[in-house]
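Have a look at the structure below, then the notes.
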Amino acid sequence: MKKIGVIGSGTMGNGIAHVFAQNGFQVHLIDVSQDALDKGVATIANNLNRMLSKEKISSLDRDNTLSNITQFTDLKSGISGTDLVIEAATENLAIKLSIFKDLDAICDSNTILASNTSSISITQIAASTNRPDKVIGMHFMNPVPIMTLVEIIRGYSTSDATTKTIMELSKKLGKTPTEVNDYPGFVANRILMPMINEAIETLHHGVAGVQEIDTVMKLGMAHPMGPLQLADFIGLDVCLSILNVMHDGFKNAKYAPSPLLVNMVMAGKKGVKSGEGFYNYSESRKAEKVSSQFEN
């Protein structure tokens with residue numbers, strides 16, 4: 001594989017594009033908005049400059065990485081000649097099904113189609129195509145350039161050949177691919193999201209405050225960040241979406257999202273991306289100041 005298409009230039013999309021480009025692949029970064037593409041590439045450039053300042057890469061590495069990325073606002077042009085297309089669009093089933101239906105109609109029959117979905121069924125996505133054997137999940141972790149795990153999700157019809165190809169490709173990126181089967185939330189979010197949801201419920205019921213909950217989990221369980229801070233970092237809207245997928249998929253009340261989480265998302269308090277969640281990020285992206293809603 002030499003040419004990779006990445007659909008979506010947001011946080012995950014630009015991170016995926018960054019990693020492939022830094023490892024010598026030609027990347028076609030595709031988005032409906034040129035402004036979004038420009039912001040995505042600017043983010044990649046900033047991250048590369050940060051790596052350069054820490055002497056993790058050379059200026060030549062930075063320049064080569066950026067030169068490996070080409071921007072497209074037209075889907076057909078963007079995926080032309082690609083060996084693999086990775087969808088990193090919004091975590092919305094209807095949007096993903098529409099994208100994969102279009103990809104299937106346009107892409108060469110040998111092209112592998114992957115989704116970076118964090119919870120939506122790969123089997124269901126694959127069913128919208130005529131190549132379910134060549135559809136697979138590649139769930140990268142955020143931030144993509146730093147986190148080494150890639151959750152490789154096999155749909156019901158994903159072939160051994162496709163899985164082997166993607167496992168080997170992930171290793172070439174310096175990642176650690178881990179194969180899992182297709183169930184709501186896969187492994188990462190099936191375990192993580194109930195923990196985050198329980199932390200929100202713990203706050204909602206007044207057991208402890210925001211910082212206290214996070215401190216217990218950081219110092220007591222050796223987590224690098226507390227669950228409420230992590231929820232802010234992921235995006236509370238994303239957490240809610242994943243919990244809804246699992247609740248719908250398993251029909252089990254333990255996956256029902258906390259009413260507090262639902263209300264915060266409805267109020268536009270989505271975490272770092274909106275400037276406020278459990279913490280206030282108006283002055284710093286670090287979780288240093290608790291949101292006024294949760295101050296004692």
Side-chain angles (χ1 to χ4, degrees), residues 1-10 12-32 37 40-41 44 61 64-89 96-117 120 122-123 125-141 144-145 148-180 182:
M1 288 191 172
K2 295 181 179 179
K3 191 175 291 185
I4 310 296
V6 178
I7 299 177
S9 57
M12 297 306 295
N14 71 59
I16 293 167
H18 174 158
V19 168
F20 273 100
Q22 191 173 337
N23 283 277
F25 292 87
Q26 294 298 312
V27 177
H28 289 190
L29 185 57
I30 307 158
D31 206 305
V32 294
L37 285 167
V41 172
I44 295 171
D61 292 330
N64 285 342
T65 298
L66 291 172
S67 69
N68 283 338
I69 301 172
T70 308
Q71 302 177 39
F72 293 88
T73 54
D74 178 67
L75 180 63
K76 188 173 183 179
S77 300
I79 63 177
S80 177
T82 53
D83 304 299
L84 166 68
V85 179
I86 304 173
E87 168 273 317
K96 291 185 187 298
L97 292 179
S98 176
I99 289 172
F100 273 80
K101 185 176 180 180
D102 290 342
L103 290 175
D104 186 50
I106 300 170
C107 287
D108 181 86
S109 60
N110 292 321
T111 303
I112 294 175
L113 307 180
S115 176
N116 182 58
T117 180
I120 294 173
I122 298 301
T123 301
I125 291 173
S128 68
T129 76
N130 292 309
R131 63 180 85 193
D133 60 311
K134 292 185 172 64
V135 177
I136 196 166
M138 292 185 75
H139 180 206
F140 289 84
M141 303 294 126
V144 182
T148 58
L149 175 67
V150 183
E151 209 175 14
I152 306 297
I153 304 101
R154 291 188 67 144
Y156 186 83
S157 301
T158 306
S159 70
D160 290 341
T162 296
T163 304
K164 181 180 179 182
T165 296
I166 296 304
M167 293 285 284
E168 291 176 351
L169 177 66
S170 300
K171 291 175 183 176
K172 290 179 181 178
L173 300 175
K175 302 299 185 184
T176 302
T178 302
E179 181 182 337
V180 305
D182 189 18

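- Scanning for side chain to side chain contact (heavy atoms under 4.5 Å, CB included) contacts around N14 gives T43, I44, with sequence neighbours left out.
- The line from CD1 of I112 to OG1 of T158 is 10.0 Å long, rounded to the nearest 0.5 Å.
- Remark: N116 pairs with no residue by the side chain to side chain donor-acceptor pair (under 3.5 Å) rule, at least two apart or across chains.
- With sequence neighbours excluded, the residues satisfying salt bridge (charged side-chain N to carboxylate O under 4.0 Å, His left out) with D160 are R154.
- Between the side chain of T111 and the main chain of T82, a donor-acceptor pair closer than 3.5 Å is present.
- Listed here is the closest heavy atom pair of C107 and I79: SG-CD1, 3.5 Å.
- Residues meeting the side chain to side chain donor-acceptor pair (under 3.5 Å) test with T123, sequence neighbours left out: D182.
- Atom CG of residue D61 and atom CD of residue Q22 lie 7.0 Å apart, to the nearest 0.5 angstrom.
- Of the possible polar contacts, one joining the K175 side chain to the V144 backbone as a donor-acceptor pair under 3.5 Å is found.
- Residues forming a side chain to side chain contact (heavy atoms under 4.5 Å, CB included) with P177 (at least two apart in sequence, or on another chain): I152, M167, S170, K171.
- When the side chain to side chain contact (heavy atoms under 4.5 Å, CB included) test is applied to T117, the partners found at least two apart in sequence or on another chain are E91, K96, S115, I120, I122, I125, F186.
- Residues that satisfy the ring pair (Phe, Tyr, Trp, His ring centres under 6.0 Å) test with F20, not counting sequence neighbours, are F25.
- Sequence neighbours left out, the pairs with a member in residues 127-139 that pass side-chain hydrogen bond (donor to acceptor under 3.5 Å, both in side chains) are D104-N130, D104-R131, H139-E151.
- Applying the side chain to side chain contact (heavy atoms under 4.5 Å, CB included) test to A114 and every residue at least two apart in sequence or in another chain returns L84, I86, I136, M138.
- In this structure, H18 NE2 and T65 OG1 are separated by 6.0 Å, a value rounded to the nearest 0.5 Å.
- Taken from CD1 in I16 to OG in S9, the straight-line distance is 11.5 Å, to the nearest 0.5 Å.
- Among residues at least two apart or in separate chains, side-chain hydrogen bond (donor to acceptor under 3.5 Å, both in side chains) pairs with a member in residues 66-75 are Q26-N68, Q34-Q71, D74-S77.
- Taking CG of L169 as the start and CG of D83 as the end, the distance is 9.5 Å to the nearest 0.5 Å.
- Under the rule for a salt bridge (charged side-chain N to carboxylate O under 4.0 Å, His left out), K3 has no partner lying at least two apart in sequence or in another chain.
- Side-chain contact between I7 and L75 is present, with at least one heavy-atom pair separated by less than 4.5 Å.
- Here I69 contributes atom CD1 and L29 contributes atom CG; the two are 6.5 Å apart, rounded to the nearest 0.5 Å.
- Among all heavy-atom pairs drawn from I99 and A89, the shortest one is CD1-CB, 3.7 Å.
- Under the rule for a salt bridge (charged side-chain N to carboxylate O under 4.0 Å, His left out), E168 has no partner lying at least two apart in sequence or in another chain.
- In this structure, V27 and A21 approach most closely via the heavy-atom pair CG2-N, 3.6 Å.
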